[in-house]
Amino acid sequence: MYERMLDEQQAPAIMDLAAYCGENADRFARLNTWLSQNYGTIQQISFPYGNHYGWGIAHRIRQKLICRVFAEKQAFSVMIHLSDAQFQSLYGKVRGYTHEKYPCGNGGWIQYRVICQENLKDIQKLLSAKFTRQIPVI
């Protein structure tokens, strides 16, 4: 279920990534647009970590990585690094299964799978924690 796009030889277009997300294609597109329009992120399609992660979209502001959005069959996952303080401030405000944090420095990486509208709102809350200017979720 939720297989990722793993053919490194075939670089997809953004529309291909969205289409792969199936019933969540619109949410995939809306999240990427929300990040770019509200926070000024630059999108770059990449195959960053080999066959374990597959194709996705890196969102950056200048050189700083904000998150990666990985296309999955009928879903998508967002990988984001949060400080311990950011993580603690949001711990009780998002769905329970999102609390898998992989430690790294002062904080850790979270992978959050989006399969419904509530998940989209949750990931927007998590992403908003990275910015001082808060934008309403869509």
Side-chain angles (χ1 to χ4, degrees):
M1 193 166 192
Y2 308 126
E3 297 86 15
R4 293 193 175 174
M5 297 178 79
L6 300 177
D7 185 357
E8 185 176 9
Q9 304 306 313
Q10 296 249 311
I14 288 178
M15 295 303 292
D16 298 326
L17 291 167
Y20 194 75
C21 297
E23 63 191 36
N24 284 290
D26 181 61
R27 290 183 186 98
F28 177 87
R30 286 181 16 223
L31 178 66
N32 288 297
T33 299
W34 179 81
L35 279 164
S36 293
Q37 287 181 348
N38 292 301
Y39 293 115
T41 63
I42 303 299
Q43 299 180 30
Q44 178 186 18
I45 296 173
S46 62
F47 194 86
Y49 309 118
N51 281 340
H52 187 66
Y53 289 89
W55 288 100
I57 298 176
H59 283 268
R60 297 180 187 278
I61 296 178
R62 293 181 210 71
Q63 298 299 319
K64 182 180 180 182
L65 179 66
I66 303 303
C67 69
R68 293 189 186 273
V69 183
F70 293 98
E72 297 178 337
K73 194 68 136 177
Q74 301 302 320
F76 61 94
S77 286
V78 179
M79 190 169 80
I80 180 175
H81 184 273
L82 295 175
S83 70
D84 286 333
Q86 291 166 331
F87 184 79
Q88 289 302 320
S89 73
L90 294 166
Y91 187 78
K93 299 177 182 172
V94 294
R95 296 178 150 231
Y97 81 90
T98 65
H99 298 147
E100 291 184 46
K101 183 174 77 165
Y102 304 94
C104 178
N106 173 27
W109 290 96
I110 295 172
Q111 287 201 50
Y112 188 102
R113 177 168 289 124
V114 175
I115 58 174
C116 66
Q117 185 62 28
E118 290 79 22
N119 296 150
L120 179 61
K121 290 178 182 178
D122 281 350
I123 194 58
Q124 288 175 305
K125 289 176 193 172
L126 292 168
L127 287 163
S128 291
K130 295 193 72 72
F131 302 97
T132 55
R133 181 174 55 105
Q134 301 299 302
I135 301 295
V137 298
I138 53 175

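Separation of atoms CD1 (Ile123) and CG (Leu35) is listed at 9.0 Å; rounding is to 0.5 Å. For the atom pair Leu65 CG and Arg60 CZ, the distance stands at 5.0 Å (nearest 0.5 Å). Atom CZ in Arg113 sits 14.5 Å away from atom CG in Asp122 (nearest 0.5 Å). Note that the CD atom of Gln86 and the CZ atom of Phe131 stand 10.0 Å from one another [nearest 0.5 Å]. Summarising the geometry, atom CD belonging to Gln117 is positioned 9.5 Å from atom CG belonging to Asn24; distances are rounded to the nearest 0.5 Å. Atom CD1 of Ile42 is separated from atom CD of Gln63 by 10.5 Å, given to the nearest 0.5 angstrom.
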Exercise for the section: Please assess Tyr49 against Phe70 for the test side chain to side chain contact (heavy atoms under 4.5 Å, CB included), listing each intermediate value before the final yes or no. Expected result: CA-CA 11 Å; Tyr49 309 118; Phe70 293 98; 4.3 Å; yes
Problem - Audit row: Tyr2, Ile115, side chain to side chain contact (heavy atoms under 4.5 Å, CB included) steps and yes/no - result: CA-CA 10 Å; Tyr2 308 126; Ile115 58 174; 3.7 Å; yes
Exercise for the section: Show the numbers, then the answer: is there a side chain to side chain contact (heavy atoms under 4.5 Å, CB included) between Tyr112 and Asn119? Expected result: CA-CA 8 Å; Tyr112 188 102; Asn119 296 150; 3.0 Å; yes
Practice task
For side chain to side chain contact (heavy atoms under 4.5 Å, CB included), just list the numbers for Tyr20 and Gln74, CA-CA rounded to whole Å, side-chain angles, deciding distance to a tenth of an Å, and then say yes or no.
Solution key: CA-CA 7 Å; Tyr20 194 75; Gln74 301 302 320; over 6 Å; no
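Judged by distance alone, with hydrogens and angles left aside, the side-chain atoms of Gln111 form no donor-acceptor pair with the main-chain N or O of Ser77 at under 3.5 Å. Counting only distance, with no hydrogens or angles, the side chain of Lys130 and the backbone of His81 share a donor-acceptor pair below 3.5 Å. Between the Asp16 side chain and the Ala13 main chain, a donor and an acceptor come within less than 3.5 Å of each other. Formation of a donor-acceptor pair under 3.5 Å by the Trp109 side chain with backbone atoms of Leu82 is not found in this model.
Between Leu17 and Phe28, the closest side-chain pair of non-hydrogen atoms falls below 4.5 Å. Contact annotation: the side chain of Cys67 never approaches that of Met79 to less than 4.5 Å [non-hydrogen atoms, C-beta and beyond]. Residues Leu31 and Val114 have side chains not in contact (no heavy-atom distance under 4.5 Å, counting atoms from C-beta outward).
Between Ala71 and Phe76, the shortest heavy-atom contact is CA-CB, 4.3 Å. Closest heavy-atom contact between Cys21 and Ala75: SG-O, 3.2 Å.
A salt bridge links Arg4 with Glu72: the distance from a Lys NZ or Arg NE/NH1/NH2 to an Asp or Glu carboxylate oxygen falls below 4.0 Å.
Ring-plane geometry between Trp34 and Tyr39 is classed as perpendicular, the angle between the planes exceeding 60 degrees on a 0 to 90 degree scale with a lower cut at 30.
Scored by the salt bridge (charged side-chain N to carboxylate O under 4.0 Å, His left out) test, Asp26 finds Arg30 as partners (sequence neighbours excluded). Every residue two or more places apart in sequence or in another chain that forms a side-chain contact (heavy atoms from CB on, under 4.5 Å) with Gln43 is listed here: Ile14, Asn32, Ser36, Ile57, His59.
With 3.5 Å as the limit, one finds a donor-acceptor pair spanning the side chains of Arg68 and Ser46.
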